Amino acid sequence: MNTYTAHIKTPLGIARIVSDDTDILEISVLDATTTFTDSEQIPEILQDCVTQLHEYFDGIRTNFELPLAPKGTEFQQKVWKGLNEIPFGKTCSYLDLSKRLGNVKAIRAVASANGKNPLWIVTPCHRVIGSDGSLTGYAGGLWRKKWLLAHESPAKQQSLF
């Protein structure tokens with residue numbers, strides 16, 4: 001099985017996309033020290049994913065239609081499936097997600113699985129917040145989480161000038 005990689009610029013940094021011959025395995029945001037050239041050739045298998053990510057950042061895509069195969073435990077897969085059920089522009093708490101998954105006491109395990117989500121943005125772990133509404137924990141940095149939630153907010157702040 002082959003592995004393909006592409007890098008794209010986003011408003012939040014360089015995103016790395018990894019796939020095998022059929023499915024997207026990982027989408028991650030890289031730290032600021034990562035070097036990137038615009039001339040990088042995007043493998044054909046990743047073209048649709050790149051297009052959909054650009055559409056998301058351009059504000060014209062609210063859901064993704066991609067073949068996904070993230071690697072994780074059975075529990076992590078269950079949590080990631082739960083994340084995909086959180087609608088665009090909405091949030092839920094770690095406690096709410098634990099309840100939806102059938103185990104209110106699994107809140108720490110849910111938070112841990114959320115933090116290990118290998119599909120940045122596409123599986124929307126940024127939509128999970130603290131029970132008090134706080135922006136708790138985000139592997140990509142809280143500033144990115146805040147940006148993503150504002151980007152998806154139905155009540156966009158308008159400029160007066």
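Given the structure is predicted, the values throughout are model-derived calculations rather than measurements.
Between atom OG of residue S19 and atom CG of residue N2 there is a gap of 9.0 Å, rounded to the nearest 0.5 Å. Rounding to the nearest 0.5 Å gives a distance of 10.5 Å between CD of E55 and OG1 of T62. Separation of atoms NE2 (H126) and CG (L135) is listed at 11.5 Å; rounding is to 0.5 Å. Expressed to the nearest 0.5 Å, how far OG of S93 lies from CG of D132 amounts to 9.5 Å. The CD1 atom of I107 sits 4.5 Å away from atom CG of L95, with the distance rounded to the nearest 0.5 Å. Here CD of Q52 is found 12.0 Å from CG of L46. Values are rounded to the nearest 0.5 Å.
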Assess whether side-chain contact (heavy atoms from CB on, under 4.5 Å) is satisfied between T91 and V128, documenting all intermediate values. CA-CA 6 Å; T91 59; V128 183; over 6 Å; no
For the pair Y4 and D20, evaluate side-chain hydrogen bond (donor to acceptor under 3.5 Å, both in side chains) and give the outcome as yes or no after the intermediate values. CA-CA 6 Å; Y4 305 90; D20 60 19; over 6 Å; no
Show the numbers, then the answer: is there a side-chain contact (heavy atoms from CB on, under 4.5 Å) between Q47 and I45? CA-CA 6 Å; Q47 290 286 347; I45 191 142; over 6 Å; no
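A continuous path of ILVMFWY side-chain contacts below 4.5 Å connects V50 to L12, so both sit in one hydrophobic cluster. Note: the hydrophobic cluster containing L149 also contains Y138 (ILVMFWY, side chain heavy atoms under 4.5 Å, direct or indirect links). Cluster annotation: I129 is connected to I121 through the hydrophobic network of ILVMFWY side chains, with a link wherever side-chain heavy atoms come within less than 4.5 Å. Hydrophobic clustering (side-chain heavy atoms under 4.5 Å, transitive across Ile, Leu, Val, Met, Phe, Trp, Tyr) keeps W120 apart from I86. Note: the hydrophobic cluster containing V18 does not contain L119 (ILVMFWY, side chain heavy atoms under 4.5 Å, direct or indirect links).
T136 meets the side chain to side chain contact (heavy atoms under 4.5 Å, CB included) test with Y94, S134; sequence neighbours excluded. Applying the salt bridge (Lys or Arg N to Asp or Glu O under 4.0 Å) rule to R100 yields no partners; only residues at least two apart in sequence or on another chain are considered.
Using a distance-only test at 3.5 Å, with no hydrogens or angles considered, a donor-acceptor pair links the side chain of N117 to the main chain of T123. In this structure a side-chain-to-backbone donor-acceptor pair under 3.5 Å is missing from K145 to R127. Not a single donor-acceptor pair under 3.5 Å links the side chain of E26 to the backbone N or O of R16.
The two atoms that bring L66 and C49 nearest to each other are CD2-CA, 3.7 Å, heavy atoms only. Smallest separation of non-hydrogen atoms from Q76 and A113: CG-CB, 3.9 Å. Across all non-hydrogen atoms, the minimal contact from L83 to P124 is O-CG, 3.3 Å. What you find for T5 and H7 is that their closest heavy atoms are CG2-CE1, 3.7 Å. Across all their heavy atoms, G89 and P154 have their closest contact at O-CD, 4.0 Å.
Here the side chains of V79 and L97 are in contact, with some heavy-atom distance below 4.5 Å. The shortest side-chain heavy-atom distance between P118 and W80 falls under the 4.5 Å cut-off.
With L68 as the partner, the side chain to side chain contact (heavy atoms under 4.5 Å, CB included) test is satisfied by one option alone out of L25, D23, V122: V122.
By the 30° and 60° cut-offs, the orientation of the rings of F88 relative to Y56 is perpendicular.
Sequence neighbours left out, the pairs with a member in residues 65-83 that pass salt bridge (charged side-chain N to carboxylate O under 4.0 Å, His left out) are K81-E85.
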